[in-house]
2 protein chains.
Amino acid sequence: MVKTVEQIATALHLSITTIRLVLNGKAEQYRISAKTQERIHNYVAEFGYKVNHTARSLKLNKTDTLGLIVPRLSNLFFSTLAEKLEIRCRDAGYQLMIGCTYSDARHENKLVEALLQRNVDGLFVVPSSLQSQNHHAKLVERRPLVLLDRDFGETGVALVVSDNCQGAEQLTRVMMAANGSAPLYFLAGDTEQPAIKMRLQGYRRVMGENPGQWILEAGHNRQEDGSLMMRQFFQRHHRAPQGFIASSLPILEGALSVLREQYGYIPAEINIGTFDEHAMLGFLSNNVWSMRQNEDAWAEHAFTAMQTALSGEAPPSGKVMIPMTMIHRQRAFAGE
Amino acid sequence: MVKTVEQIATALHLSITTIRLVLNGKAEQYRISAKTQERIHNYVAEFGYKVNHTARSLKLNKTDTLGLIVPRLSNLFFSTLAEKLEIRCRDAGYQLMIGCTYSDARHENKLVEALLQRNVDGLFVVPSSLQSQNHHAKLVERRPLVLLDRDFGETGVALVVSDNCQGAEQLTRVMMAANGSAPLYFLAGDTEQPAIKMRLQGYRRVMGENPGQWILEAGHNRQEDGSLMMRQFFQRHHRAPQGFIASSLPILEGALSVLREQYGYIPAEINIGTFDEHAMLGFLSNNVWSMRQNEDAWAEHAFTAMQTALSGEAPPSGKVMIPMTMIHRQRAFAGE
DNA sequence: TTGTAGGCGTTATCAG
DNA sequence: CTGATAACGCCTACAA
């Protein structure tokens, strides 16, 4: 059973102060004898040592805890990011409190408050809007804030995003080549959301003058919005697109479910592009290009930004852009 | 800017005690005058009020924080569960600290210790082995512990699991009917893992006497283990199975990737069964049956178990079995 | 080397 | 109704 400082002191017939001194690494400074240190360390090695983290937090005004706020954990990108970030933080002695907003601004604000009341040392947030972003910036006051995934602008704080524009350009270019003369459509979800906006921008940039007619929009980025857009497409064209890009996985899921409704299957000759990578994209027989976001790099950059801020140096600021990686799955020919 | 109790007291020329009394809802009990309450509430409504949760925790010896330990967050089942549980806890005033073990017992033990040092009021754990489960049971001592997903036995504590055995029976029965006289294989991952073991048991129960020849095993439940088993199958039979059940999604992903390697596509006539539901299963053209686990019910049961334990009544105990739901996707016929 | 005292912000108790 | 005060356990000076 693990021991408290007091128990160690009595067991070893030493003073509490002495125990604390060596346990807090001030042994040399206070010239504690080597044998005493030995004894203490041996004892701790055997039984363990339990600090009351709460009391410590009260005194030192830091909790060694960080907060992470994401829209949804059930989104693979965010859950992977959370996983990587949690490990990275833990390795550095921080625990992560993860909260999830369901993309609801009120949830989000409540969550920020709840975490701040618990005295988290810093906050990672995927903001849902400019308003809420500013709301947080106000609240956190002297605690570091690192924004993730969405650049709403108007902020001096640290920000980590994927290079969505570049990624979209690359994806569009490659798919254009594969798609031949047929139009390459873009099924965008919520075009107000900065990441989506950037993806659309990259697409536009490559498509040139007037790709507006090839862009479909929906208010949100959910599966049902993907279905909606593909249904719209069918109403207009009475057939499936030769090639299209989905602005995110849920959009793709929705769009493909409509194709399946219409045809009874997903026509394998359609060229499919999407953002975010998932092993199950391999279940499709189509040519599939996916733009993977590098969660490891995200976690690393986000954490270092947080760390420099925590160390009290510069206030965290500056945008980090992380390149995306293209993954291509060749069309699978069913030879029966 | 939010105010501390002290700031409010000085601003309103009242005593700190008075402020606390009304803020903590003891106004009536101590017969604070209505106008004083008014003044305080108005002030708080305007400026807000910030408690120091840390000091409160020190005094009350509770942190209003719960811990959740899962193998991986990037696994959709666990991330969905985490999401539901987090919301459920938050609604009840608890924050959730989520940690992730990568199925590594050492990680897991460290994590339990870290959370306990932070004085979480209770712990939800998906244990990776009987040893670690017992290890935790020792450590938590007087904190409630609720075990999830895996029944290693030998425990009196609360436990929430899916009814894997019943689910497997149902799945096997339905697939048998669809599969005709062809053998229905079972690609199991780590058969030591209780959830997998139960699934296998349900399968065996329906298959009767000697299905051993139709069961493949691997040491773990990762994608590469799925690949391994399907490769073994090919070495033996030089063709794909007519129908098979994967013990979990990663296994399925691995198995199908091998089929794609072998054939260049995933033969649509194969009947596929799997545990855990995912929208992307709709990307397959095959007949697909998936057994969905009901995360809402999990979160609800796990939380109520925790809550009764926290309220100090009975020590948490007893197993809750949550039924699975079968989802069937019809084979999609490609008419080209 | 070791002991002691003050204070972190809250709650609970007791005395006005 | 209101004010004062003792814990909660830890850290840090400072004294011995």
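Chain A is the first sequence line, chain B the second, and so forth, proteins listed ahead of strands; every chain is numbered from 1.
Take A/Ser103 and apply the side-chain contact (heavy atoms from CB on, under 4.5 Å) test, not counting sequence neighbours, and it matches A/Pro71. With sequence neighbours excluded, the residues that form a side-chain contact (heavy atoms from CB on, under 4.5 Å) with A/Gln193 are A/Arg150, A/Asp190, A/Ala195, A/Ile196, A/Asn221. Residues meeting the side chain to side chain donor-acceptor pair (under 3.5 Å) test with A/Lys110, sequence neighbours left out: none. For B/Phe77, the ring-ring contact (aromatic ring centres under 6.0 Å, His included) partners two or more places apart in sequence, or in a different chain, are B/Trp298.
At the heavy-atom level, B/Leu14 lies under 4.0 Å from the strands shown only through sugar-phosphate atoms.
Taking atom CG of B/Asp64 as the reference point, atom P of C/dT10 lies 15 Å away to the nearest angstrom. Whole-Å rounding puts the B/Ile16 CD1 to D/dT5 P distance at 13 Å. Atom-to-atom, CG of B/Asn119 to P of C/dT10 comes out at 18 Å; the value is rounded to the nearest Å.
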Could you run through nucleotides 9-16 of chain D and give me one letter per nucleotide, 5' to 3': B if any protein heavy atom sits under 4.0 Å from the base, S if only the sugar-phosphate is that close, - if neither? BBBS----
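Listed pair A/Thr18 / C/dT2 meets the phosphate criterion, a side-chain N or O lying under 4.0 Å from OP1 or OP2.
The ring-ring contact (aromatic ring centres under 6.0 Å, His included) contacts involving residues 121-153 of chain B comprise nothing, where partners must be two or more places apart or lie in separate chains.
Of the possible polar contacts, none joining the B/Arg143 side chain to the B/Leu116 backbone as a donor-acceptor pair under 3.5 Å is found.
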